[in-house]
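So that the names make sense, note that chain A is the first sequence line, chain B the second, and so on, each numbered from 1. Predicted, not measured: the structure shown is a model, and the values here were computed from it. Reckoned from all heavy atoms, side chains included, excluding hydrogens, waters and symmetry mates.
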2 protein chains.
Amino acid sequence: MSKEGQQSISSRDLADFLGANPSQIRKDFSYFGGFGTPGVGYKVEKLAKQIEKILKLDITQKAALVGVGNLGSVVLAYQGFRIYGFDIAAAFDTDSKKIGKKLNNITIEDVSNLWTLKRRKINIGIITVPRDAAQETADALVKAGVKGILNFSPCYITVPKKVKVVTIDIAMDLARLPYYMPASRATNT
Amino acid sequence: MSKEGQQSISSRDLADFLGANPSQIRKDFSYFGGFGTPGVGYKVEKLAKQIEKILKLDITQKAALVGVGNLGSVVLAYQGFRIYGFDIAAAFDTDSKKIGKKLNNITIEDVSNLWTLKRRKINIGIITVPRDAAQETADALVKAGVKGILNFSPCYITVPKKVKVVTIDIAMDLARLPYYMPASRATNT
DNA sequence: CTATGTGAATTTATTCACAGCA
DNA sequence: TGCTGTGAATAAATTCACATAG
């Protein structure tokens with residue numbers, strides 16, 4: 001909107017755009033102080049800046065990726081992570097055939113060197129290992145002093161509460177669609 | 001658990017495993033009739049079958065993917081979709097250089113042929129086009145008679161309410177982590 | 001007038017607590 | 001005894017409704 005020269009937007013239009021209720025929009029923003037102008041709406045530029053600040057997308061932190069398999073390689077290659085404040089600065093794997101190889105300018109290291117993260121000021125871990133290895137990887141990352149974990153393995157992992165985990169389980173999302181699809185009634189008969 | 005020979009599991013253990021509250025587990029299951037045995041728990045096999053049935057993962061439906069770009073190719077290649085009842089049976093794109101090519105045994109077709117979906121009994125659409133094209137793609141899919149849409153574009157799309165949309169926006173999930181990370185305090189000072 | 005910000009009302013989700021079954 | 005299923009109690013999220021600012 002900013003690029004298109006739009007100056008401001010109302011909670012109603014924002015709600016339409018997002019498929020939500022206008023009150024929801026206003027209430028949510030109000031929790032962070034409220035930055036709209038009565039009678040006008042929200043200044044697009046200002047709103048964007050505020051949201052960036054609230055979500056802390058305005059600062060970049062170094063991250064280490066563990067598990068350079070199929071998914072891991074894709075994540076490593078995906079530069080879009082920078083927008084969200086993640087700078088993938090290191091990659092680890094257990095496979096000796098991969099260790100030492102370079103991918104996207106990052107040399108793959110042995111997971112036994114995870115402990116060096118603290119020293120290297122890397123405090124986000126990205127888990128892209130198979131499910132069975134997810135918990136031990138998380139443990140190692142916590143031991144290495146990371147403060148946040150992005151978990152791509154389809155499982156719940158346990159960490160001390162000072163560490164924040166965000167699990168991204170596409171499979172879980174996928175499984176939602178069939179449930180809502182009316183066509184499935186066909187098998188109920 | 002079933003593979004490991006475990007016969008049954010209690011709501012407490014299930015809750016621990018998922019990071020939830022036992023009551024939550026029992027309440028949720030009870031909405032679908034309740035299939036546990038007092039004093040014992042839930043029979044693992046039976047539970048799995050029930051959940052499959054509830055989520056309708058036990059039936060497969062044909063799906064068409066639109067947008068064979070980076071993401072689209074990955075999705076097309078990912079056979080794991082079958083588990084969730086999706087059988088990707090067709091792929092479409094606008095790029096004439098891609099049309100006619102084969103990928104994973106599927107010949108890429110011109111999007112202008114989307115209307116053939118109804119005839120081909122394909123009633124799920126998978127959107128992997130750039131954001132700007134997402135809404136028009138959704139419109140075309142609805143016109144072609146799909147009943148469900150899996151939207152990988154980072155935007156809200158509008159469809160008639162008889163059509164169910166599940167949007168998978170990894171970026172949105174990613175953006176959550178920085179917010180919760182304590183280390184970010186560094187910039188607040 | 002228009003659209004925000006926010007208490008109050010409402011709705012929805014979660015948790016408690018316990019009767020009753022295996 | 002151990003654990004489910006479920007009403008009742010509690011907590012949380014959403015929506016209403018309106019006073020108030022531009």
Side-chain angles (χ1 to χ4, degrees), chain A residues 1-2 4-55 156-158 161 164-167 169 172-173 175-177 179-180, chain B residues 1-2 4-55 156-158 161 164-167 169 172-173 175-177 179-180:
Chain A
M1 284 171 181
S2 177
E4 284 164 10
Q6 191 169 335
Q7 293 291 311
S8 52
I9 187 168
S10 67
S11 59
R12 162 177 283 281
D13 290 347
L14 224 28
D16 285 348
F17 185 72
L18 294 168
N21 180 300
S23 309
Q24 183 78 79
I25 304 284
R26 296 203 299 279
K27 176 74 74 180
D28 283 359
F29 288 167
S30 86
Y31 283 128
F32 294 97
F35 18 79
T37 319
V40 179
Y42 301 88
K43 297 282 176 194
V44 173
E45 290 271 5
K46 187 179 173 189
L47 182 57
K49 279 216 184 68
Q50 288 290 334
I51 293 174
E52 266 204 346
K53 198 173 147 198
I54 292 168
L55 296 180
Y156 174 78
I157 57 179
T158 306
K161 36 183 181 319
K164 176 68 188 176
V165 177
V166 166
T167 295
D169 187 349
M172 205 73 105
D173 294 324
R176 284 163 45 210
L177 188 56
Y179 175 71
Y180 290 110
Chain B
M1 285 170 180
S2 178
E4 285 164 8
Q6 191 167 336
Q7 292 292 312
S8 53
I9 186 169
S10 67
S11 59
R12 163 178 283 279
D13 289 348
L14 224 28
D16 286 348
F17 184 73
L18 295 168
N21 180 301
S23 308
Q24 184 78 78
I25 304 284
R26 295 202 300 278
K27 177 73 77 180
D28 283 359
F29 288 166
S30 86
Y31 282 128
F32 295 96
F35 18 80
T37 318
V40 178
Y42 299 88
K43 298 282 175 192
V44 172
E45 290 273 2
K46 187 178 171 188
L47 182 56
K49 281 217 183 67
Q50 288 290 333
I51 292 174
E52 266 203 346
K53 197 174 147 198
I54 292 168
L55 297 179
Y156 175 77
I157 56 180
T158 307
K161 35 183 182 320
K164 176 68 189 177
V165 177
V166 166
T167 294
D169 187 349
M172 204 73 104
D173 293 324
R176 284 164 45 210
L177 189 56
Y179 175 72
Y180 291 109

DNA chain D contacts made by residues 12-33 of chain B, counting heavy atoms under 4.0 Å: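 Per residue number, the list reads B/Arg26, B/Lys27, B/Ser30.
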Quick one, which residues of residues 42-51 of chain B touch DNA chain D with a heavy atom under 4.0 Å?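 Under 4.0 Å from DNA chain D: B/Tyr42.
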Mind checking whether [X] and [Y] have side chains closer than 4.5 Å, heavy atoms only?
X       : Y       : result
B/Gln6  : B/Ile9  : yes
A/Leu14 : A/Asp16 : no
A/Leu18 : A/Ile25 : yes

Going 5' to 3' along DNA chain D, which nucleotides are the first and last within contact of chain A (any atom under 4.0 Å from a heavy atom)? D/dT14 to D/dG22
Counterpart residues, side-chain hydrogen bond (donor to acceptor under 3.5 Å, both in side chains), relative to B/Gln24 (two or more places apart):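 Counting only residues at least two positions away or on another chain, B/Gln24 forms a side-chain hydrogen bond (donor to acceptor under 3.5 Å, both in side chains) with B/Asp28.
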Exercise: identify the closest heavy-atom pair between B/Ser2 and B/Glu45: OG-OE2, 2.9 Å
For A/Phe35, give me all partners under side chain to side chain contact (heavy atoms under 4.5 Å, CB included), at least two apart in sequence or on another chain.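 Listed in chain order: A/Phe29, A/Phe32, A/Tyr42, A/Lys46, A/Leu47, A/Gln50, A/Ile54.
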Quick one: side chain to side chain contact (heavy atoms under 4.5 Å, CB included) partners of B/Met172, sequence neighbours excluded? B/Asp169
Begin with the C-alpha distance, continue with both residues' side-chain angles, and end with the deciding distance and a verdict on side chain to side chain contact (heavy atoms under 4.5 Å, CB included) for B/Val44 and B/Gln7. CA-CA 6 Å; B/Val44 172; B/Gln7 292 292 312; over 6 Å; no
Rounded distance [0.5 Å steps], CG in B/Asn21 versus CZ in B/Arg26: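 So the CG of B/Asn21 and the CZ of B/Arg26 are separated by 8.0 Å.
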Checking the side chain of B/Thr37 only, and the main-chain atoms of B/Val40 only, is there a donor and an acceptor separated by less than 3.5 Å? no
For A/Gly39 and B/Val40, find the nucleotide of DNA chain D closest to each by heavy atoms; which residue's nucleotide sits nearer the 5' end?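 Looking at DNA chain D, the more 5' nearest nucleotide goes with B/Val40.
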